[in-house]
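Below is one structure, written out as structure tokens; the observations come after it.
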There are 2 protein chains.
Amino acid sequence: MSDTVFDLPSSRAADYPGALGPTIGVLGGMGPAATADFYAKLIRATPATTDQEHLRVIIWSDPTTPDRTRALLEGGTDPTPWLVYGARVLAAGGADVIAVPCNTAHAFLPAVVERVGVPLVHMIEQTSRHLAALRPPVRKVGLLATTGTVRARLYETWLATAGIALLVPDSTSQAEEVMAAIRSIKAGKDDRGLLARAARRLVDRDARAIIAGCTEIPLGLETGQLPVPVVDPTQVLAEAVIAHARGGGLN
Amino acid sequence: MSDTVFDLPSSRAADYPGALGPTIGVLGGMGPAATADFYAKLIRATPATTDQEHLRVIIWSDPTTPDRTRALLEGGTDPTPWLVYGARVLAAGGADVIAVPCNTAHAFLPAVVERVGVPLVHMIEQTSRHLAALRPPVRKVGLLATTGTVRARLYETWLATAGIALLVPDSTSQAEEVMAAIRSIKAGKDDRGLLARAARRLVDRDARAIIAGCTEIPLGLETGQLPVPVVDPTQVLAEAVIAHARGGGLN
């Protein structure tokens, strides 16, 4: 794949009829319902009373992107070329920052950012910062996520820098509760009981917060069902994107 | 604006790592919540049990597009250049059909289609076909829509070809119920009472179906509140897009 395929003439932005301002790129479709959920959260979290006060957004939603967990664990097709292609479409469309509402995809993003050159609002980094800022401080958190995200140690690595230990479900709960629930939600079904059960096991092991660490999980696990806070990285990402667009930049 | 700004090298599609297949372009942001609602409906209406069976979608959501009703009624800024720009971003990103989940914007689409050359799934045409196919046949329908859509006679023209008469609210109900409710929904509030009242006035005048003819209206008017069917053009558009993508083409 040529690195210049999606380069557009530099006159592009000048041809925009208004003031182009920040344009948020969303690399999505993993899965599509999680992308729609993120987009709705982004809109709800934007302080606006008219259409014109909302953010300009370009979304590339490619649900045919090969399964991230399968690529990490079973030698399945590497989704990186799909992610690079999508990021280039977003860059060509004027995105000046990219958000990826899929936890597992974050395992592949360093290679994507390197090839496309548009900054990323990193969902897992932002979620770790959010957890580190909780008061009273939380020293142990539980993770509900795909087996790919768990094994790639995405949260573990970021949380370690904040002095927070990560608890993950045992292998039976991971397979038969968490992954079963994620597949069920992706198929348009709902089985809240499975996720709540897996979360309670983590609380029993002293988790003082639960990360809903797959974009499908907030769709199937209501906060308020548990005695500890549930952190939704999709919501954290939406708020970080808005802070970026309003001039706070990435931090 | 040059007509070739967004032309990409013809190698683009060949660089896609998978089988490119149909890509749905969504020209949105008018308003953003209506676009998120359309995208969610498109996903829910797609028969799929895994991510990979869903449609590839590219969404350009530009809420800064000038107000369509104001352009039609008060000599406000013409939104056409914004719509052309967005349609070109979608075409450059590989969209082979464009859907516009905004009724009032349809008044400006003939000029857009002419300049961009990507076919449109026309929401108002599809809704008129849907109404014409209702059994028992409906001869009179009521319209809840922006004053811009009402005055531009968008539905009236399409429905006339199907032998269906259109009833619109009187000017007081249009201003104080319908437009007030639309602005309230765009501001993130909700006032279901206003829309239900306007709809009941149309039913009292013998409307046998109600068109929820502004993409904000289905968000504020629940079906089941009324003794006649409420047709949601956003839902009709989602189903028409899926039929197109599955090879039925535009009809």
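Numbered from 1 within each chain, the chains take letters A, B, ... in sequence-line order. Everything numeric in this text was worked out from a predicted model, so none of it was measured.
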Closest heavy-atom contact between B:W60 and A:G93?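 That closest heavy-atom pairing would be CZ3-O, 3.4 Å.
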Portion of B:I58 that has a non-hydrogen atom of chain A nearer than 4.5 angstrom: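 For B:I58, heavy atoms of backbone and side chain both lie under 4.5 Å from chain A.
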Segment of B:L55 engaging chain A (4.5 angstrom heavy-atom cut-off): backbone
So how far is it from A:D62 CG to B:Q52 CD, rounded to the nearest 0.5 Å?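 With rounding to 0.5 Å, CG (A:D62) is 9.5 Å from CD (B:Q52).
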Roughly how far, to the nearest 0.5 Å, is the CD1 atom of B:I43 from the OG atom of A:S61? 6.0 Å
Donor-acceptor pairs are to be reported for all side-chain atoms of residues 29-37 of chain A against protein atoms at under 3.5 Å, with residues two or more places apart or in another chain.
{"residue": "A:T35", "atom": "OG1", "partner": "A:G29", "partner atom": "N", "Å": "2.7"}
{"residue": "A:T35", "atom": "OG1", "partner": "A:G31", "partner atom": "O", "Å": "3.3"}
{"residue": "A:D37", "atom": "OD2", "partner": "A:K41", "partner atom": "NZ", "Å": "2.8"}

Between the side chains of B:D51 and A:R68, is the shortest nitrogen-to-carboxylate-oxygen separation below 4.0 Å, so that they form an ion pair? yes
Taking only residues two or more places apart in sequence, or in another chain, which ones meet A:A198 in a side-chain contact (heavy atoms from CB on, under 4.5 Å)? A:L144, A:S173, A:E177, A:V178
Side-chain contact test, heavy atoms from C-beta onward, threshold under 4.5 Å: evaluate it for B:V89 versus A:Y16 and give yes or no. no
